[in-house]
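One structure is given below, encoded as structure tokens.
Bear in mind that the values here come from a model prediction, so they are computed numbers and not experimental data. Values reported hereafter were calculated over all heavy atoms of this structure, with side chains retained and with hydrogens, waters and symmetry mates removed.
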Amino acid sequence: MKRVIVFLLCVFAVLQFSSAQEVSGCEQYAAFDTTSTPDLGIVIATNDVETVWNALRLATYSQGKGDVVVLFLIGKGLDGFETKSETYNTQPLKDKYFDNGGQIIACGTCAKQRETDEIALCTIASISDLYYIIKKSKKTISF
């Protein structure tokens with residue numbers, strides 16, 4: 001009987017922890033227009049500035065071909081997006097992306113964990129925005 005009670009307490013604890021991860025406190029933020037259907041959704045989850053640079057190159061190239069592109073930054077992707085590099089200067093690509101009507105959405109929970117409320121040029125949003133970007137985009141790619 002004790003084993004059953006201990007087992008149930010462990011299961012309850014795991015379920016509590018799992019649901020706490022789903023509701024982060026940032027879910028009230030929504031930035032992605034769920035009625036839109038972007039041609040390309042790009043998810044950046046790396047802090048490698050060269051990879052971020054290449055993701056931005058793809059984004060601006062795609063826009064030049066007439067595609068609607070939306071970027072979502074998650075986890076280490078926020079760090080990579082903010083990293084400055086002389087070799088991989090992302091600022092001109094960011095400017096071009098925005099000039100072409102692009103939108104960059106950053107995970108609010110990830111920003112909160114990094115103790116920042118603002119990521120340069122980004123809209124802070126939630127994991128539900130990522131869900132809808134993946135669901136609504138014709139193609140999605142992750143870097």
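In this structure, the side chains of Asp39 and Lys138 come closer than 4.5 Å at one or more pairs of heavy atoms. The side-chain heavy atoms of Glu50 and Asn54, taken from C-beta on, include a pair separated by under 4.5 Å. Taking the side chain as every heavy atom from C-beta outward, Val43 and Leu130 approach each other to under 4.5 Å.
Ile124 contributes atom CD1, which lies 10.0 Å from atom OG1 of Thr109 (distance to the nearest 0.5 angstrom). For the atom pair Leu78 CG and Phe72 CZ, the distance stands at 8.5 Å (nearest 0.5 Å). Rounded to the nearest 0.5 angstrom, Ile133 CD1 and Gln103 CD are separated by 7.0 Å. From Lys94, atom NZ reaches atom NZ of Lys96 across 16.0 Å, with rounding to the nearest 0.5 Å. Asp95 contributes atom CG, which lies 11.0 Å from atom CG of Asn100 (distance to the nearest 0.5 angstrom). Here Ser126 contributes atom OG and Ile105 contributes atom CD1; the two are 9.0 Å apart, rounded to the nearest 0.5 Å.
The salt bridge (charged side-chain N to carboxylate O under 4.0 Å, His left out) check on Arg114 picks up Asp79, with sequence neighbours excluded. Considering only residues two or more places apart in sequence or on other chains, Val49 meets the side-chain contact (heavy atoms from CB on, under 4.5 Å) condition with Thr83, Ser85, Tyr88, Thr90.
Shortest non-hydrogen contact noted between Leu71 and Tyr97 is N-OH, 3.3 Å. Scanning all heavy atoms of the two residues, the minimum distance from Cys110 to Ile74 falls at SG-CG1, 3.7 Å. In terms of heavy atoms, Leu40 sits closest to Ser62 at CD2-OG, 3.5 Å. Residues Ile44 and Ala55 approach most closely at CD1-CB, 3.8 Å, considering heavy atoms. Nearest heavy-atom pair across Ser36 and Lys136 is O-CB, 3.5 Å. A pairwise comparison of heavy atoms in Thr140 and Ser137 identifies OG1-CB, 3.8 Å as the closest pair.
Put simply, Phe98 and Leu73 are part of the same group of oily side chains (I, L, V, M, F, W, Y) that touch within less than 4.5 Å, one to the next. The cluster map of Ile, Leu, Val, Met, Phe, Trp and Tyr, joined by side-chain heavy atoms under 4.5 Å apart, puts Leu58 and Val68 in different clusters.
Just one residue in the list Gln63, Lys65, Arg57 forms a side chain to side chain contact (heavy atoms under 4.5 Å, CB included) with Tyr61, and that residue is Lys65.
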